There are 2 protein chains.
Amino acid sequence: MPPHQGLRHMPWSSFGLDLVTLRVFKAAVEERSLVWAAERERLALSAISRRISEMEARIGAALLRRHDRGVEPTAAGEALMRHLDTLFEVLEHTIVDMEAFAAGHRGQIRLQANLSVPAGSFPEELASFQKSHPDIDLYIEERISADIIHSVQIGTAEIGLVSATMHAPNLQLLHWRTDHLVELR
Amino acid sequence: MPPHQGLRHMPWSSFGLDLVTLRVFKAAVEERSLVWAAERERLALSAISRRISEMEARIGAALLRRHDRGVEPTAAGEALMRHLDTLFEVLEHTIVDMEAFAAGHRGQIRLQANLSVPAGSFPEELASFQKSHPDIDLYIEERISADIIHSVQIGTAEIGLVSATMHAPNLQLLHWRTDHLVELR
DNA sequence: GCTCTTTACGCTGTTCGTAAAGATA
DNA sequence: TATCTTTACGAACAGCGTAAAGAGC
């Protein structure tokens with residue numbers, strides 16, 4: 001049997017939406033011209049024309065109205081643009097988030113605690129955490145509660161453990177990369 | 001000068017995020033296995049492995065932890081997953097919206113007519129149109145014939161009705177989203 | 001040994017850029 | 001004519017699938 005050579009037909013759901021084409025389309029609408037969009041996206045004019053035409057074909061509706069002074073979105077194109085604004089916003093947030101992981105504190109967690117905390121089941125909790133996250137290096141430091149909270153807030157520590165009695169009864173905070181807010185015990 | 005052959009390096013911003021890879025990654029996390037993700041996405045196992053590895057390389061952080069029973073998201077992978085949920089939601093809405101335009105049953109239609117038109121059976125025609133297309137909002141404006149024609153041409157009106165005697169005997173044009181050109185009576 | 005993931009490699013489809021042609025004021 | 005968009009075509013790249021190799025229980 002010859003190589004099956006893939007199911008090329010479904011890049012995304014039924015429409016062939018891809019980020020590059022969507023980005024190029026956005027540029028075309030914002031620049032009101034394929035020529036300028038080509039320049040802005042550093043792509044050949046012909047490539048942009050083709051991308052948008054093929055997207056229109058797949059969707060089954062015109063997205064741009066062409067005239068000899070440039071282009072203009074149709075009603076469908078405007079609707080698409082509204083979605084693209086939020087789509088690329090989400091994407092931007094995603095990238096920022098991923099950059100944070102890529103940057104410095106990759107696989108390292110700085111933990112700060114004060115002395116009144118560790119008495120209870122803390123060591124076991126720590127051990128289980130390290131077992132389930134073997135690729136993370138834990139750095140443990142002792143501080144006073146106020147400093148710990150500040151460190152977590154400004155990001156010089158990923159985890160802060162403060163005495164339960166000082167701030168909230170029976171509650172210890174584990175603040176992990178600003179994504180997780182976990183109750184410990 | 002030889003063909004410049006493109007700036008291949010920047011599919012999206014600095015990261016090479018593309019919808020197919022993101023979708024595949026989502027599948028891998030949800031299925032907790034590349035094998036199952038491959039099956040679900042109808043893609044070769046090797047293709048999935050490569051896609052995810054390359055995305056991790058570009059991002060500069062591990063997204064999956066591999067063991068011999070499958071895969072598991074790292075902290076970075078979990079963060080990415082949270083964004084993907086909203087991203088694909090937006091995309092889903094976009095597709096639904098575009099499908100509506102493809103079917104031709106959506107949105108607003110700006111209609112321009114001049115006074116000499118409506119005398120005849122025009123109101124009945126309009127009523128029947130609105131009855132058969134209940135989800136379309138009709139906006140009606142009065143203009144002179146030349147302006148109407150221009151509006152339809154440049155797209156500020158989807159429908160133009162001009163006096164039969166002025167331009168073509170016994171003919172009124174209904175120009176709909178530049179896709180349909182329908183004779184009205 | 002079994003199940004999972006990764007790497008190697010040939011091959012095909014995709015997509016670019018250049019260049020020429022069409023369209024419109 | 002000048003300025004935009006589209007189409008044609010050759011070439012490079014990207015991405016798939018098969019198959020073999022690595023890893024961990």
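In this text the structure is predicted, and so the values were computed from the model without any measurement. A, B, ... follow the sequence lines: proteins, then strands. Residue 1 opens every chain.
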Here the gap from E31(A) atom CD to E41(A) atom CD, rounded to the nearest 0.5 Å, amounts to 8.5 Å

Consider the side chain of L45(B), meaning its heavy atoms from C-beta on, and name the nucleotide among dT18(D), dT5(C), dG15(D) that approaches it most closely. dT5(C)

So do the side chains of D97(B) and H93(B) get within less than 4.5 Å of each other, counting heavy atoms only? no

Scan side-chain atoms only and decide if T21(A) and R51(A) contain a donor-acceptor pair under the 3.5 Å cut-off. yes

Quick one: I52(A) CD1 to dT15(C) C1', roughly how many Å, whole number? 15 Å

Using the 3.5 Å cut-off, write out each protein N or O paired with an N or O of nucleotides 19-25 of chain D and the distance between them.
| from | atom 1 | to | atom 2 | distance (Å) |
| --- | --- | --- | --- | --- |
| dC25(D) | O4' | D68(B) | OD2 | 3.0 |

Rounded distance (Å) that lies between atom P of dC4(C) and atom CD1 of I48(B): 14 Å

Could you tell me the separation between the CG atom of L43(A) and the C1' atom of dA12(D), rounded to a whole number of Å? 15 Å

How many whole angstroms separate atom CD of E39(B) from atom C1' of dT3(C)? 15 Å

Calculate the interatomic distance between R42(B) atom CZ and dC16(D) atom P; express it in whole Å. 16 Å

Round to a whole Å and report the spacing from CD of E72(A) to C1' of dT24(C). 15 Å

E30(B)/R40(B) salt bridge by N-O under 4.0 Å criterion: yes

Side-chain heavy atoms of D18(A) within contact of D18(B), under 4.5 Å: no

In residues 25-38 of chain B, which ones come under 4.0 Å of DNA chain C, going by heavy atoms? S33(B), L34(B), V35(B)

Whole-Å distance, M55(B) CE to dG15(D) P, equals 13 Å

If you measure from the Lys or Arg side-chain nitrogens to the Asp or Glu carboxylate oxygens, is any gap between E89(A) and R82(A) under 4.0 Å? no

Report the distance from atom CZ of R23(B) to atom P of dG15(D), rounded to the nearest whole Å. 17 Å

Within-4.5 Å side-chain heavy-atom neighbours: T86(B) and V90(B): no

Answer whether the closest heavy-atom distance between the side chains of V71(B) and V29(B) falls below 4.5 Å. no

Which nucleotide in dT6(C), dA8(D), dT5(D) has an atom nearest any side-chain atom of R50(A): dA8(D)

Between dG17(D), dT5(D), dT6(C), which one does the side chain of A47(B) approach most closely? dG17(D)

On DNA chain C, check which nucleotide each of E54(A) and V71(B) is closest to and give me the residue with the more 5' one. V71(B)

Under a 4.0 Å threshold between the charged nitrogen and the carboxylate oxygen, would K26(A) count as salt-bridged to E78(A)? no

